[in-house]
Amino acid sequence: MRFRHLLEEKDLVKLVRVGASVITGALCYSNEQEGIMGSSRGHCEIVEVKYEASTVQRPQTFRHVRAQDREQRPPVMKKTHNKALENDINKLFEAVNLRTSKSLDLSDSWRNASKKPMKSAGSHSPGIGFSEPVSLKQALRGLCISQAAEMAAVKRMSMPASPRISESGKITNLYRSVMVEAGGSGCSPAGGVRRTEIPRVKEESTSYSSGTLIQGHQESFKSATQSYCSSPSYSVNPNVKSIKCTSSESGHALAECSGNGVEISLVEGERTRGAAIKLPQPKANSLNQSAPSSPHIAAALVLKDAESSPVPDDISHVSQVNKQASEIVCSQHNSVSALPHHISDGNLSKPDKKISDSNKIASGSIKDAATPLKVGNRAAPKLRRKSKLQTVPASSAVKSNKDVRSTRSTSRVKPVIKNKNLVIKKSKKVGGTTDGNLKASYEVNSDRDHSSGQLICQRCQCSLTDTSKDSSKNPPETTSTEAFTGSRNCDTNKSDSIPTSWENRGTPAVKVNMNPKSTEKGDISQSSKSSICDFSSSTTSLSEESSLSGSTYGNRPHMSKDMRWGAIDRVRKQYGFLGLSHFNLLKKLGSGDIGTVYLAELIGTNCPFAIKVMDNDFLARRKKMPRAQTEREILRMLDHPFLPTLYAQFTSDNLACLVMEFCPGGDLHVLRQKQPGRYFPEQAARFYVAEVLLALEYLHMLGIVYRDLKPENILVREDGHIMLTDFDLSLRCSVNPTLVKSSSVGIEPPRVSGPCAGSNCIDPFCAGPSCKVSCFSPRIIPSTARARKLKAEAAAQARSLPQLVAEPTEARSNSFVGTHEYLAPEIIKGEGHGSAVDWWTFGVLLYELLYGKTPFKGAGNEETLANVVLQNLKFPDSPIVSFQARDLIRGLLVKEPECRLGTETGAAEIKRHPFFEGLNWALIRCAVPPQIPEFYDAGNSHLAPQEKGEKFMGYSANGEQLEFELF
Ligand SMILES: Nc1ncnc2c1ncn2[C@@H]1O[C@H](COP(=O)(O)OP(=O)(O)OP(=O)(O)O)[C@@H](O)[C@H]1O
């Protein structure tokens, strides 16, 4: 009987039962005939035969053995392979050093085994040293473990460098080069203090070198832009990979073609209107081809023309030449509404007219030649092309695989990602429709003389050529770069007339198709419009640079007066774009799963921002792009005092950047630990959770289940109010506002404690003529007949009113998302969860703020999870917490989500709880916060507190300085 050299584990166990209780050393049995050892599952991969009993072989890798076998094994060995099993077993036992001792200390054996490397240097497979005794089981397990370790090591080695390192490496490099560059440079702030500035990073000459891209595009870019301006000035900046066209007369940037993704932005002087066209990256082998995307450029310019001049008839003469997806986003910065246009594969989409009029953007599919293209407030000329408007029903949330993580700080559980994060899947139909979007497609004509590489003006039939000259009027951004100036040989009298079509000679015109779904970068698209909730229509299609600013005035009313908009707009107008190079990175604020957040100052503005920098390569490698995309899309939607405002977004060097409001107060987790006893006084806790509640309510109404509530994600603004941040784990779902009759659901009237809660009160500190308490002061109810009457009236009024439930109480997801200590039982149990998880986490949050610890924390993650599901809620004796607070926590930390407070009608239920009695919800943002971060001076923020001779940032509470320094 032929012995199969790959012994199964059970066979070995049998062998041991026969006589050997312990095996020392590795079992490694080579089998040349069988091929790769252990190739089949269930077989032990660890057997090795000592072909010569007298020779003590070092443990070898299987490959080693095989190689040696071929060379060294005596021919007789091959012949013996077919010996009887008995002989083979004998051989095996010869190879095994049997130990007669009765027992073996397992720990010793493990220790010994681990001490002794079991394979020779350079070996690739595991083995166990012969000298150390281990049990068979241990030997097997040890080999499996070491093999697993080896496999992991091999995998690690085969993997690219750590993305985190890669990302931080990029930033570090940026810093380093800045440190070198910036010393004593003009970038230093007043006082000669050196600041860290993001340099313009030189692009490596790769197969997709942006420099080459620029080369490929610049001719056509020049030609195309010359028609806009009688005296254009061009500058090429290889560092930021752009070509910029500036009006020599006005000095305004007119257009920019960026090699990074090959984007063109169109801007024009005071009436800055941006149009970004995203062009396909040329293939590596087509880099030397001339101007592969010039038709797109022409298309972009035609778009711009459409705003100011009629599109000539011949623009409708179109043929398709390039099916590579492109995107165009236009916005009129100074108009109230921003109107995105997308072009890809021959289609140009435009927003729904009605929505755009009301500052709401929706995408549309328009192929009607008669449909005027409206940009901003102006109707665009009619375009002769087919048009089709399509409305696509909102998609529902997509259940995804599980995802677990913890993002608590060092003292907390670190994230463990078990499964994929929930992602809202969207259709990617090119030229088709996507979630909740109306799409439009246009055909645009782009004629150019490809033989000469020149664009031909059809009006005067002139050719457009360039003449190089020194560009002294380049914006500072490009002074160090190659400059060239183009002039057009067009009749100067016609300088105002814009060639709106290009003669097509030999090459068909472009048909650009709009794809409202964002690309991987997700920066220049209408992706936000594909939101599945109703509110998505109010989100704009935001190009990475232009549209955010252009739309913000209309779409973020609560921050419309913020000077930061103006600061960003000025930079954008001055340079034609906004990028990392316009910011001084002052400090790393922290890193998360998908990016790193920096404190940055917009150069020359003294405006601090928090910039979240995400490495697209890293995100793609780690499959975290959807999380980043979710966060980006949610950020674009937000307009709430307790939620972040996204001022701008852009991509620099494949780093996706989100420019947000900087919160100098740190997060509540840090702040709590600075409190005496590491817990907040009840009044302070009430303030913070009340604001969180409003933020959650708003999110729910947008169809966003937050899912990651914890103190670390609650930042403190400079005014002491909170900002809920971090949306990459949020669930987006549809919302179906439901009108609920109060009587049918037994809704209790709002628990008003006095006139303070009346709608007529506009003073947060006023609770009526006789009530001089703030919204957060202990309730003082005047026991007057008048007060009682008012209360009764308010109660009666509330009873008579129907109630609108606009929160996604029906949303369901099976994702395993959150932070261990904050995970709701239904998430742990995998039963599917909805918005009620936010009310569970809300309860945990209140508990932690009041008691300084979370209610179900165990020794480890598993114990914590078990406690969440099984353990009853207990309250510590200390500190003393009010009955109302405990009652609210009890109502929130109900393990069955259907019985949990807030599940039925959302935040309204919670707001009515006696814990919040006396709180004027409407005026909470005017209330005095428990603590306010000290004055922040961006101009000095780069300095260490010691350097400034003062604390950089601290908290003052009741006039008392708390030792709370951020830097
Ligand atoms: N606007 C901001 N102002 C001040 N600090 C901020 C701001 N945004 C984020 N931070 C800080 O930067 C750090 C990283 O934030 P980030 O959101 O990237 O990571 P995170 O909260 O751990 O979440 P995630 O891992 O999901 O990305 C956090 O410590 C956070 O407190």
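For ligands, and for the atoms within them, numbers begin at 1 and follow the listed sequence. Note that the structure is a prediction, hence the values are computed from the model and not measured.
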[X] heavy atoms, cut-off 4.0 Å: which ligand 1 atoms fall inside?
X	value
Gly592	18 (O), 19 (O), 20 (P), 22 (O), 24 (P), 25 (O), 27 (O)
Met723	1 (N)
Phe662	3 (N), 4 (C)

Give the contacting part of [X] toward ligand 1: side chain, backbone, both or neither, where contact means a heavy-atom distance below 4.0 Å.
X	answer
Pro664	neither
Asn713	side chain
Asp593	both
Ala610	side chain

Residue pair Glu633, Arg732: steps toward the salt bridge (Lys or Arg N to Asp or Glu O under 4.0 Å) verdict:
CA-CA 10 Å; Glu633 289 179 2; Arg732 295 177 66 193; 2.4 Å; yes

Under a plain distance cut-off of 3.5 Å, with no hydrogens placed, do His833 and Arg707 share a side-chain donor-acceptor pair?
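Yes, His833 and Arg707 have a side-chain donor paired with an acceptor closer than 3.5 Å.
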
Side chain of Glu631, backbone of Phe727: donor and acceptor closer than 3.5 Å?
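Side chain of Glu631 to backbone of Phe727: a pair is present.
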
Would you check whether Pro644 reaches within less than 4.0 Å of ligand 1, judged by its heavy atoms?
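For ligand 1, residue contact (heavy atoms, under 4.0 Å) with Pro644 is absent.
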
Between Tyr706 and His700, does the ring centre distance come in under 6.0 Å?
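No - the distance between ring centres of Tyr706 and His700 does not fall below the 6.0 Å cut-off.
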
Any chance the rings of Phe856 and Trp840 have centres within less than 6.0 Å?
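Close enough - the centres of the two rings lie under 6.0 Å apart.
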
